[in-house]
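So that the names make sense, note that chain A is the first sequence line, chain B the second, and so on, each numbered from 1.
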Amino acid sequence: MKERLTEYVVKAVEQVCGDYGRAGEPVPAVVLEQPKEKKFGDFATNIAMQLAGVLKKNPREIAAAIKAQLENLPDIELVSIAGPGFINMTLSRASWQQRLGVICRQGRRFGDLDYGAGRRVMVEFVSANPTGPLHIGHGRGAAVGDSLARILRKAGFTAITEYYVNDAGNQMETLGRSLLWRYRELLGESLGDYPETFYQGDYLIELAKQFLQEKGNVLEDADPEDKVGEFTEYASRVILDGIRDDLAGFGIHFDNWASEKSFFQDGKVDDVIRELRHREMVYEQDDALWFASSRMGDEKDRVVVRSNGVKTYFASDIAYHKDKHDRGFDWMIDVWGADHHGYVPRIKAALQALGIDESCFSVVLVQLVSLLRDGQPVAMSTRAGQFVTLREVVDEVGKDAARFFFLMRRPDSHLDFDLELAKSQSNENPVYYVQYAHARICSILRKSSEAGIRVLQVNQADLSLLTSAEEIEMIKKMDSFPHVVETAARYLEPHRITYYVSDLAAMFHSYYNKNRVISDDRDLTGARLILITALRQIFQLGFDLLGIDAPTSM
RNA sequence: GGGCAAUUAGCUCAGUUGGAUAGAGCGUUGGCCUCCGGAGCCAAAGGCCGCAGGUUCGAAUCCUGCAUUGCCCGCCA
C-alpha cells in the first residue's frame with residue numbers, strides 16, 4: 001500500500017516541480033510514514049516542507065499543489081494539509097478491504113521482500129568456546145542471531161548461519177589439563193587444591209567420570225604430561241556435542257560450523273599475516289609482530305604474533321573474517337556479547353588493511369541477561385562455576401518462552417529474564433498472550449468447521465462487509481507487516497517483530513471480545529472468517545521469524 | 001585517566017532514524033462471562049524524555065558540555 005502511494009506522491013512531486021520550472025532537479029526522497037494520530041489519516045508526508053528550500057516557496061503552497069495532483073486518484077479518499085505543511089492522505093475503506101484479499105492470496109509469501117536482492121549474508125553467532133556448557137547469555141545471542149537470519153531471509157537476502165568454534169589456543173590446553181586433574185582425582189590421587197586458573201564447574205567432574213567409564217585407566221604406564229592432548233581432544237569434542245544438543249533443543253541448527261584450528265592447519269593464518277606484511281601493515285617490535293591498527297582508527301596497535309612465536313587469537317580472527325569475505329559473502333554480521341565491543345575497531349581495521357570495505361561488516365552487540373526469579377536476582381558467577389545453563393532455562397520455561405523473552409528488547413539493551421514470569425500461564429506473560437491469540441483463531445476456525453460452515457475462497461467472500469473501525473485497523477496493521485520486516489532487517493533488530501505480534505494480538509483479543517466471528521449472518525461470517533484466516537497467517541509468519549511455535553490449542 | 005554505550009511513568013522497556021497532543025506491559029484502583037477458549041477485554045490514575053546550552057519551521061531523537069550507571073582498555077581467548 002505504502003509503495004503504491006509513494007509512487008503517487010513521487011509523480012505528483014515531479015509534476016509540481018515541473019510547474020514551477022524546476023523539472024529534473026534533485027529533490028529529497030519522498031518518505032511516507034504512518035501518523036500516530038488516526039485523525040491525520042493513513043499516511044503522511046513532509047515532502048512539502050522538504051521542498052520549500054529547493055523551490056523557494058511556502059510549504060503550504062507546495063502542499064496544496066501536490067494535493068491537487070493526488071486527489072481523484074484511485075484508492076485515495078481524502079487529502080488534507082495540516083500544520084506547517086504535512087500532507088495527510090486517507091485511503092478509502094474499499095481499498096483496505098481489497099488489500100485484505102491481496103494479503104490472503106499471497107499467503108506465506110506475504111512479506112517476502114526484495115530488499116536484500118539476493119545478496120549473500122552470513123550471520124555468525126554463539127561461537128562460544130567449547131570449554132563448558134552454554135549459559136543464558138549465549139542463549140540470548142543464539143536467539144538474536146537465529147532470528148536475524150530468518151528475518152534477513154524473509155527480507156530477500158540469502159542468509160547462512162555459522163558457528164565459529166574457538167578450538168585453538170592455550171584455553172584448549174587448560175581445558176585438557178582441567179579434565180586431566182579431575183580424572184586423576186577420580187582415580188584417587190591427592191593433588192591438593194584444584195587450581196583457580198582451571199575451568200571451574202561440576203561438569204568437568206561428570207566428564208571425568210564419563211571418560212573413565214569409556215576409556216578406563218589411561219595413565220597406568222604413561223606420563224600424564226603426554227596425555228594432555230588426549231584429554232583436550234576428548235573434552236572439547238564432548239562439550240561441543242553438548243553445545244550442539246543444547247542448541248537443537250533451543251530450535252537452532254547452524255548451516256555451518258567453522259573451526260579456528262583449521263585456519264591454522266590450512267595455513268590461512270600465515271597467509272593473511274603474509275598479506276599484511278606485503279601491504280606493510282605489520283611491524284616488529286619487542287620480538288613480537290604488531291598489526292598497525294591504529295592507522296585504521298583503532299586505539300592502538302595489536303599483536304598478531306607473540307614474542308614466543310605463538311599467533312594470537314586476533315591473528316586467526318583476521319584470517320577467519322577474510323575467509324568469510326573470500327567465500328563470497330556481501331555482508332558479514334557477527335553477534336557478540338557487548339563486553340567485546342572494544343574488539344570491533346580492530347576487526348574493521350584489519351578488513352580495511354586487507355582492502356576490504358568495512359561497511360560489509362556489522363556487529364550486533366548483545367547485552368548481558370540478568371536472571372531473576374520472582375523479581376529476585378539469581379546468583380551467577382562464572383568464576384565459581386555457578387552459572388545457569390541455557391539447557392536449564394529451556395528445560396524450566398520452554399523453548400518458546402525463552403526465545404520470546406530474549407527477543408523482547410533491543411539487542412543492546414539490558415534484559416531482565418524472570419524465570420517465574422516466563423513460566424507463568426497468566427496475563428503477565430507476553431509469550432502466552434501472543435500464542436493464545438493464534439490458538440483462539442484456530443479454535444474459532446475449528447468451531448466454524450464443526451458447524452459445517454465452509455471457509456470461502458477469498459474471491460467468493462464479500463469483504464466489503466468488513467466495515468468496522470477495528471476491522472479496518474487490523475487490515476492496516478497486517479498491511480504494515482512487510483515494512484516491519486524491512487526495518488527489522490535494516491537495523492538488525494528482531495525485537496520489532498516481537499512488538500509487532502504483541503500489538504496485533506492485542507488488536508485481535510480486543511476485537512474478539514466485542515464481536516462474534518460466527519453469527520447467523522452467513523455473508524458477514526464468511527468475510528470475518530477470511531479476516532481471521534489472514535490474521536492467523538500473519539501470526540504464523542511472525543512467529544516463524546522469532547523461531548517460536550504457533551500452537552493451534554494451548 | 002582514555003574509549004564505547006545507556007539515562008523516557010512506581011518497575012521493565014518501546015518510540016516508525018528530525019514530525020503533529022511521548023506509547024506499551026507489569027504494578028495500583030474500578031468494572032466485564034446466559035455468548036466462537038476469561039491464558040481474554042474495558043476504564044482510570046501515573047511524565048520537566050538525567051541537567052544545561054546549541055542547531056531549525058519543528059528535538060526524546062542531531063551537536064557540545066556536565067552528572068550518574070554499565071562495559072572495555074593483556075604479547076588471554
Side-chain angles (χ1 to χ4, degrees), chain A residues 31-37 39-40 44-46 49 52-53 58-59 82-86 88 129 131 166 168-172 174 260 285-290 298-300 302-314 316-317 337-345 365 367-368 370 372 375 408-410 412-416 418 421 424-433 435-437 439-448 450-451 480 483-484 486-487 490-491 495-496 498-499 502-503 505-506 508-519 525 528-529 532 553-554:
Chain A
V31 177
L32 293 197
E33 61 174 14
Q34 295 179 40
K36 281 178 280 195
E37 298 277 331
K39 66 176 176 185
F40 295 131
T45 179
N46 62 354
M49 279 114 83
N58 179 320
F86 288 106
N88 296 328
N129 304 336
T131 55
N166 298 131
N170 53 26
Q171 51 168 357
M172 282 295 105
T174 303
E260 181 188 6
Q285 185 180 309
D286 303 331
D287 297 328
L289 189 69
W290 296 72
D298 195 9
E299 284 176 40
K300 53 182 180 181
R302 311 290 176 178
V303 170
V304 286
V305 183
R306 292 191 272 158
S307 54
N308 64 4
V310 176
K311 290 153 202 117
T312 62
Y313 170 79
F314 179 47
S316 58
D317 221 17
D339 53 339
H340 288 76
H341 66 82
Y343 204 78
V344 179
L365 295 174
Q367 271 292 357
L368 293 175
S370 304
L372 306 176
M408 271 198 312
R409 305 272 177 255
R410 265 192 5 245
D412 61 345
S413 173
H414 277 277
L415 175 68
D416 284 341
D418 195 309
L421 179 60
S424 76
Q425 304 195 356
S426 76
N427 57 356
E428 299 171 358
N429 190 341
V431 65
Y432 281 94
Y433 184 84
Q435 289 186 321
Y436 181 48
R440 223 175 196 181
I441 290 169
C442 293
S443 172
I444 298 171
L445 292 171
R446 271 194 302 273
K447 197 88 178 177
S448 73
E450 283 161 16
S480 70
H483 181 246
V484 175
E486 185 182 319
T487 50
R490 172 176 295 146
Y491 302 116
H495 75 280
R496 290 169 185 270
T498 324
Y499 273 84
S502 300
D503 286 349
F508 169 69
H509 285 311
S510 174
Y511 176 74
Y512 173 90
N513 267 268
K514 280 185 222 156
N515 305 280
R516 289 187 60 82
V517 172
I518 301 168
S519 67
T525 300
R528 287 184 170 170
L529 286 173
I532 67 166
S553 65
M554 294 170 70

_Whole-angstrom distance between B:C48 and B:G54, as gauged at atom P_ = 22 Å
*Considering only B:C72, B:A14, B:C75, which nucleotide approaches the side chain of A:His495 most closely?*
B:A14
*Which part of the nucleic acid does A:His414 contact within heavy-atom distance under 4.0 Å: base, sugar-phosphate only, or nothing?*
sugar-phosphate
*Can you list the residues that meet the ring-ring contact (aromatic ring centres under 6.0 Å, His included) rule with A:His509, with sequence neighbours excluded?*
A:Tyr433, A:Tyr436
_Once rounded to the nearest 0.5 Å, what's the spacing between atom CG of A:Leu415 and atom CG of A:Leu372?_
9.0 Å
*Which pair of heavy atoms, one from A:Met49 and one from A:Gly85, lies closest together, and at what distance?*
SD-C, 3.5 Å
*Provide, to the nearest angstrom, the distance between the OH atom belonging to A:Tyr491 and the P atom belonging to B:U16.*
9 Å
*With C1' as the reference atom in both, quote the distance from B:U12 to B:C51 in angstrom, rounded to an integer.*
24 Å
*The side chain of A:Asn88 lies closest to which of these nucleotides: B:A20, B:C41, B:G74?*
B:A20
*For RNA chain B, determine which residues of residues 509-516 of chain A have any heavy atom closer than 4.0 angstrom to one of its atoms, and list them numerically.*
A:His509, A:Ser510, A:Tyr512, A:Asn513, A:Asn515, A:Arg516
*asked:* Between B:C75 and B:C71, how far apart are the two P atoms, rounded to whole Å?
replied: 22 Å
*Under 4.0 angstrom, heavy atoms only, what part of the nucleic acid is A:Ala44 near: base, sugar-phosphate, or nothing?*
base
*Using atom C1' of each nucleotide, how far apart are B:A6 and B:C13 to the nearest Å?*
13 Å
_Looking at A:Arg440, I'd like to know whether one of its side-chain N or O atoms comes within less than 4.0 Å of OP1 or OP2 on B:G38._
yes
_Shortest side-chain distance from A:Val517, nucleotide among B:C41, B:A14, B:C36_ = B:C36
*asked:* Check the phosphate of B:A14 against A:Ser413, side-chain N and O only, distance under 4.0 Å to OP1 or OP2. Yes or no?
replied: yes
*Could you check whether A:Gln34 gets within reach of a base, just the sugar-phosphate, or nothing at all, counting any heavy atom under 4.0 Å?*
base
*Which whole number of Å gives the distance between the C1' atom of B:G47 and that of B:C42?*
24 Å
*asked:* Taking any heavy-atom pair under 4.0 Å as a contact, classify A:Ser443: base, sugar-phosphate, or nothing.
replied: base
*Expressed in angstrom and rounded to an integer, what is the separation of A:Met408 atom CE from B:A24 atom C1'?*
12 Å
*Could you please name the option among B:A77, B:G37, B:A39 that lies closest to any side-chain atom of A:Ser553?*
B:G37
*asked:* Taking B:G15 as the reference, what is the distance to B:G19 when you measure between their C1' atoms (whole Å, please)?
replied: 13 Å
_Tell me the interatomic distance from A:Tyr432, atom OH, to B:C26, atom C1', rounded to whole angstroms._
18 Å
Considering only nitrogen or oxygen atoms on both sides, find all protein atoms under 3.5 Å from nucleotides 3-8 of chain B and state each distance.
residue: B:G3; atom: N2; partner: A:His341; partner atom: NE2; Å: 3.1

_Any base atoms under 4.0 Å from A:Tyr343, or only sugar-phosphate, or nothing? Heavy atoms, all strands._
base
*Can you tell me if the side-chain N/O atoms of A:Arg306 get under 4.0 Å from OP1 or OP2 in B:A77?*
yes
_Evaluation steps, side chain to side chain contact (heavy atoms under 4.5 Å, CB included), between A:Asn46 and A:Phe86_ = CA-CA 5 Å; A:Asn46 62 354; A:Phe86 288 106; 4.2 Å; yes
_Walk me through whether A:Arg528 and A:Asn515 qualify under side chain to side chain contact (heavy atoms under 4.5 Å, CB included)._
CA-CA 10 Å; A:Arg528 287 184 170 170; A:Asn515 305 280; 3.9 Å; yes
*Roughly how far apart, to the nearest Å, are B:U61 and B:U17 at atom C1'?*
8 Å
*For A:Ile518 and B:G37, what is the distance between atoms CD1 and C1' respectively, to the nearest whole Å?*
12 Å
*Exercise: do A:Tyr491 and A:Arg410 side chains pair donor with acceptor under 3.5 Å*: no
*Assign A:Asp503 to base, sugar-phosphate, or nothing according to its heavy-atom contacts below 4.0 angstrom with the strands shown.*
nothing
*Can you tell me how far P of B:G38 sits from CG of A:Asn429, to the nearest Å?*
18 Å
_To check you understand the geometry: which heavy-atom pair defines the closest contact between A:Ile444 and A:Ile518, and what is its length?_
O-CD1, 3.7 Å
*Does A:Tyr499 lie flat on the base of B:A14, that is, centres under 5.5 Å apart and planes under 30° off?*
no
*For A:Arg302 and for A:Asp416, find the nucleotide of RNA chain B with the closest heavy atom, then tell me which residue's nucleotide is more 5'.*
A:Asp416
*Value in whole Å for how far the C1' atom of B:U21 lies from CZ of A:Phe40*: 8 Å
*Under the side chain to side chain contact (heavy atoms under 4.5 Å, CB included) rule, what do A:Arg446 and A:Cys442 come out as? Steps first, then yes or no, please.*
CA-CA 6 Å; A:Arg446 271 194 302 273; A:Cys442 293; 4.0 Å; yes
_I need the CG-P distance between A:Leu415 and B:C13, as an integer number of Å._
8 Å
*Using atom CG of A:Asp339 as one end and atom P of B:C71 as the other, report the distance to the nearest whole Å.*
10 Å
*Give the intermediate values and the outcome of side chain to side chain contact (heavy atoms under 4.5 Å, CB included) for residues A:Ile532 and A:Phe508.*
CA-CA 9 Å; A:Ile532 67 166; A:Phe508 169 69; 4.2 Å; yes
*Nearest-nucleotide wise, let me know which of A:Lys447 and A:Trp290 is further upstream toward the 5' end of RNA chain B.*
A:Lys447
*Answer with base, sugar-phosphate or nothing: what part of the nucleic acid does A:Asn58 contact at a heavy-atom distance below 4.0 Å?*
nothing
*On a whole-Å scale, what distance lies between the C1' atoms belonging to B:G27 and B:C72?*
36 Å
*Taking side chain to side chain donor-acceptor pair (under 3.5 Å) as the test, write out the residues that go with A:Ser413, two or more places apart.*
none
For nucleotides 55-63 of chain B, which of its nitrogen or oxygen atoms have a protein nitrogen or oxygen under 3.5 Å away, and what is each distance?
none

*Runs of at least three consecutive pairs that involve RNA chain B, where pairs are Watson-Crick or G-U with distances under 3.5 Å*: B:1-7 with B:67-73, B:10-13 with B:23-26, B:28-32 with B:40-44, B:50-54 with B:62-66
*Establish, from distance only, whether the side-chain atoms of A:Gln171 and A:Asn166 form a donor-acceptor pair under 3.5 Å.*
no
_Counting the atoms with a prime plus P, OP1 and OP2 as sugar-phosphate, which does A:Ala451 contact under 4.0 Å by heavy atoms, base, sugar-phosphate, or nothing?_
nothing
*What form does the base of B:U17 take, syn (within 90° of 0) or anti?*
syn
